[in-house]
A.B. asks: 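Sharing a structure with you now.
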Amino acid sequence: MKKASTDGTSFFDDVYAVVRMIPKGRVTSYGAIAQYLGTKLSARMVGWAMNAAHNVHPTVPAHRVVNRNGMLTGKHHFATPTLMEELLRKEKIEVKDEKVVNFQEKFWDPSRELSL
DNA sequence: AGCCTGACTTTGT
DNA sequence: GACAAAGCCAGGC
């Protein structure tokens with residue numbers, strides 16, 4: 001991520017924006033964000049964008065972004081592998097065996113919630 | 001310019 | 001039901 005798009009905004013920024021829009025106590029999946037951004041065919045890019053989010057400010061609540069199964073696949077990319085779970089628990093989100101409990105209930109779909 | 005990698009998702013065996 | 005492979009796009013070297 002050396003250079004953004006010519007318009008000064010990369011799809012990374014969109015990802016960050018969406019992630020920051022995630023309501024507290026809610027989680028979403030890479031695919032959901034990807035779909036909202038239009039890059040639904042590449043959920044990887046969302047995760048890839050999150051990789052760069054470490055240097056992005058304001059802080060991006062990447063801990064609210066999990067995979068389609070509600071699994072905390074990206075926890076290893078945080079400062080500490082337990083940080084993600086800790087943060088989620090603070091959001092009243094229960095985490096069991098690296099997975100979000102009642103994930104489907106906590107799931108927040110940007111393409112759905114933001115389109116209401 | 002070309003090849004590799006990556007925090008996903010879906011589908012097929 | 002579990003495992004494997006492919007598709008996707010953008011960034012890094």
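Given the structure is predicted, the values throughout are model-derived calculations rather than measurements. Lettering of chains follows the sequences in order, A, B, ..., and the numbering in each one begins at 1.
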A.B. asks: With a 4.0 angstrom cut-off to heavy atoms of chain A, pull out the first and last contacting nucleotide of DNA chain B, in 5'-to-3' order.
C.D. replies: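 Footprint of chain A along DNA chain B, 5' to 3': B:dG6 to B:dT9.
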A.B. asks: Quick one: A:Trp48 CH2 to C:dC9 C1', roughly how many Å, whole number?
C.D. replies: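 Rounded to whole Å, this separation is 11 Å.
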A.B. asks: Indicate the atoms forming the closest heavy-atom contact of A:Ala34 with A:Ser42, along with that distance.
C.D. replies: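 Closest heavy-atom pair between A:Ala34 and A:Ser42: CB-O, 4.2 Å.
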A.B. asks: A:Val66, A:Met71: one ILVMFWY side-chain cluster at the under-4.5 Å cut-off?
C.D. replies: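 Shared cluster, no.
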A.B. asks: Can you pull out the residues from residues 19-31 of chain A that lie within a 4.0 Å heavy-atom distance of DNA chain B?
C.D. replies: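 Those residues whose heavy atoms fall under 4.0 Å from DNA chain B, taken from residues 19-31 of chain A in numerical order, are A:Ser29, A:Tyr30, A:Gly31.
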A.B. asks: Once side-chain hydrogen bond (donor to acceptor under 3.5 Å, both in side chains) is applied, do any residues pair with A:Arg89, and if so which ones, sequence neighbours excluded?
C.D. replies: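 For A:Arg89 the side-chain hydrogen bond (donor to acceptor under 3.5 Å, both in side chains) partners, ignoring immediate neighbours, are A:Glu85.
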A.B. asks: Could you list by number each residue of residues 99-108 of chain A showing a heavy-atom separation from DNA chain B of less than 4.0 Å, or answer none if no residue does?
C.D. replies: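 Output list: empty, so none.
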A.B. asks: Under the salt bridge (Lys or Arg N to Asp or Glu O under 4.0 Å) rule, what pairs show up with a residue in residues 96-105 of chain A, not counting sequence neighbours?
C.D. replies: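 Sorted pair list: A:Lys75-A:Glu98, A:Asp97-A:Lys99.
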A.B. asks: Base, sugar-phosphate, or nothing: which does A:Thr73 touch, judged by heavy atoms less than 4.0 Å apart?
C.D. replies: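 Counting heavy atoms under 4.0 Å across all strands, the contact made by A:Thr73 is with sugar-phosphate only.
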A.B. asks: Once ring-ring contact (aromatic ring centres under 6.0 Å, His included) is applied, what residue pairs with a partner in residues 64-106 of chain A remain, sequence neighbours excluded?
C.D. replies: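 Checked against ring-ring contact (aromatic ring centres under 6.0 Å, His included) - neighbours excluded - the pairs reaching residues 64-106 of chain A are A:Phe103-A:Phe107.
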A.B. asks: Kindly write out the residues that satisfy side-chain hydrogen bond (donor to acceptor under 3.5 Å, both in side chains) with A:Thr82, not counting sequence neighbours, or none if the list is empty.
C.D. replies: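 Partners of A:Thr82 under the side-chain hydrogen bond (donor to acceptor under 3.5 Å, both in side chains) test: none.
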A.B. asks: Let's see if you get this right: which residues in residues 74-96 of chain A place a heavy atom under 4.0 Å from DNA chain B?
C.D. replies: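 Output list: A:Gly74, A:His77, A:Phe78.
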A.B. asks: Looking at every non-hydrogen atom in both residues, tell me the closest pair between A:Ser111 and A:Asp109 and how far apart they are.
C.D. replies: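 It is OG-OD1, 2.7 Å.
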A.B. asks: Are A:Leu114 and A:Tyr16 connected in the hydrophobic side-chain network, where two residues link if heavy atoms are under 4.5 Å apart?
C.D. replies: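 They do share one cluster, since a chain of ILVMFWY contacts under 4.5 Å joins A:Leu114 to A:Tyr16.
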A.B. asks: Closest heavy-atom contact between A:Ala62 and A:Met84?
C.D. replies: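 Looking at all heavy atoms of both residues, the closest pair is O-CE, 3.9 Å.
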A.B. asks: For DNA chain B, find the residues of residues 60-71 of chain A with a heavy-atom distance under 4.0 Å and give them by number; none if there aren't any.
C.D. replies: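 Nucleic-acid contacts, sorted: A:Ala62, A:Asn67, A:Arg68.
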A.B. asks: Let me check something: any side-chain donor-acceptor pairs from residues 18-33 of chain A under 3.5 Å, sequence neighbours excluded? List them with distances.
C.D. replies:
residue : atom : partner  : partner atom : Å
A:Thr28 : OG1  : A:Trp108 : O            : 2.8
A:Ser29 : OG   : A:Ala32  : N            : 3.2
A:Tyr30 : OH   : A:Val65  : O            : 3.4

A.B. asks: Hey, any chance A:Leu88 and A:Val101 share a hydrophobic cluster, counting ILVMFWY side chains that come within less than 4.5 Å of each other, even indirectly?
C.D. replies: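 As far as the 4.5 Å side-chain criterion goes, A:Val101 and A:Leu88 are not connected within one cluster.
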A.B. asks: Could you check if a side-chain atom of A:Leu72 sits within less than 4.5 angstrom of a side-chain atom of A:Val100, using non-hydrogen atoms only?
C.D. replies: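 Side-chain contact under 4.5 Å: yes.
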A.B. asks: What residue pairs, at least two apart or across chains, pass ring-ring contact (aromatic ring centres under 6.0 Å, His included) with a residue in residues 35-55 of chain A?
C.D. replies: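 Sorted result for residues 35-55 of chain A: empty, none.
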A.B. asks: Determine, step by step, whether A:Met50 and A:Val60 satisfy the side-chain contact (heavy atoms from CB on, under 4.5 Å) criterion, reporting the C-alpha distance in whole Å, the side-chain angles of both residues, the deciding distance to 0.1 Å, and the verdict.
C.D. replies: CA-CA 8 Å; A:Met50 305 260 76; A:Val60 178; 3.7 Å; yes
A.B. asks: Pairs in or reaching into residues 64-73 of chain A: which pass salt bridge (Lys or Arg N to Asp or Glu O under 4.0 Å), with residues at least two apart or in two chains?
C.D. replies: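 Sorted result for residues 64-73 of chain A: A:Arg64-A:Glu91.
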